[in-house]
Amino acid sequence: MTGQKKTVSRFRYWPRLLFLIPFIAVLWVPFYNAVEPQLGGVPLFYWYQLAWILLGAAVVLLVHLIETRLTRVTEIARKRLDATDVPGDIL
């Protein structure tokens with residue numbers, strides 16, 4: 001250990017607040033507790049929840065992309081790979 005501490009800013013964690021969007025959208029049941037409008041014969045109550053499953057996956061992807069760009073994880077991994085010339089963990 002070199003005794004140096006990494007300084008972690010709170011700015012790094014702001015994308016995780018985006019996880020609140022699908023959480024709140026599904027948690028607020030009175031907003032979508034209805035039968036109309038129907039989409040292909042499926043009531044709003046069901047297709048709204050299914051839509052938020054897909055949108056939630058998109059939010060997770062978005063947060064991942066933002067955090068990897070903020071922390072530059074791919075650049076660090078590339079530098080470590082170039083320094084060791086080992087392509088990864090060997091079992």
Side-chain angles (χ1 to χ4, degrees):
M1 292 254 184
T2 60
Q4 296 176 350
K5 286 188 173 182
K6 289 185 178 181
T7 57
V8 178
S9 69
R10 291 185 176 210
F11 176 72
R12 175 181 176 213
Y13 299 111
W14 75 263
R16 295 180 187 183
L17 292 174
L18 294 174
F19 289 137
L20 292 175
I21 295 171
F23 181 73
I24 292 171
V26 176
L27 191 64
W28 190 33
V29 177
F31 179 70
Y32 62 93
N33 188 13
V35 176
E36 296 294 328
Q38 292 187 358
L39 183 65
V42 179
L44 171 70
F45 184 78
Y46 295 111
W47 66 260
Y48 182 83
Q49 292 179 28
L50 180 62
W52 272 108
I53 290 172
L54 300 174
L55 290 170
V59 168
V60 169
L61 176 65
L62 180 67
V63 169
H64 171 72
L65 292 174
I66 292 172
E67 281 197 355
T68 54
R69 291 198 186 249
L70 282 177
T71 58
R72 298 184 177 98
V73 171
T74 54
E75 292 175 14
I76 294 169
R78 190 176 303 120
K79 287 179 184 176
R80 287 183 184 165
L81 178 63
D82 291 342
T84 61
D85 290 329
V86 178
D89 293 336
I90 300 174
L91 299 176

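Any value given below was found using the heavy atoms of this structure, including those in side chains, with hydrogens, waters and symmetry copies removed.
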Novice: Who else is in Leu50's hydrophobic cluster (ILVMFWY, side-chain heavy atoms under 4.5 Å, direct or via others)?
Specialist: Ile53
Novice: Can you get from Tyr46 to Leu39 by hopping between Ile, Leu, Val, Met, Phe, Trp and Tyr side chains that sit under 4.5 Å apart?
Specialist: yes
Novice: Flag yes if Val26 and Phe23 sit in one hydrophobic cluster, no otherwise; membership is Ile, Leu, Val, Met, Phe, Trp, Tyr, and two members link when side-chain heavy atoms are under 4.5 Å apart.
Specialist: no
Novice: Check side-chain contact (heavy atoms from CB on, under 4.5 Å) between Leu18 and all other residues, then give those that pass, not counting sequence neighbours.
Specialist: Ile21, Val59, Leu62, Val63, Ile66
Novice: Looking at every heavy atom in both Val42 and Trp47, which two are closest together, and how far apart are they?
Specialist: O-CD1, 3.1 Å
Novice: With sequence neighbours left out, what residues match Tyr32 under side chain to side chain donor-acceptor pair (under 3.5 Å)?
Specialist: none
Novice: Of all heavy-atom pairs between Glu67 and Pro15, which one has the smallest distance, and what is that distance?
Specialist: CG-CG, 4.0 Å
Novice: Are Leu55 and Phe45 connected, step by step, through hydrophobic side chains (Ile, Leu, Val, Met, Phe, Trp, Tyr) whose heavy atoms are closer than 4.5 Å?
Specialist: yes
Novice: Side-chain heavy atoms under 4.5 angstrom apart, residues restricted to Ile, Leu, Val, Met, Phe, Trp, Tyr: same cluster for Val29 and Trp52?
Specialist: yes
Novice: Are Ile24 and Leu17 co-members of a hydrophobic cluster defined by side-chain heavy atoms under 4.5 Å apart?
Specialist: yes
Novice: Heavy atoms only: give me the nearest Pro43-Ala34 pair and the separation to one decimal.
Specialist: CB-O, 4.5 Å
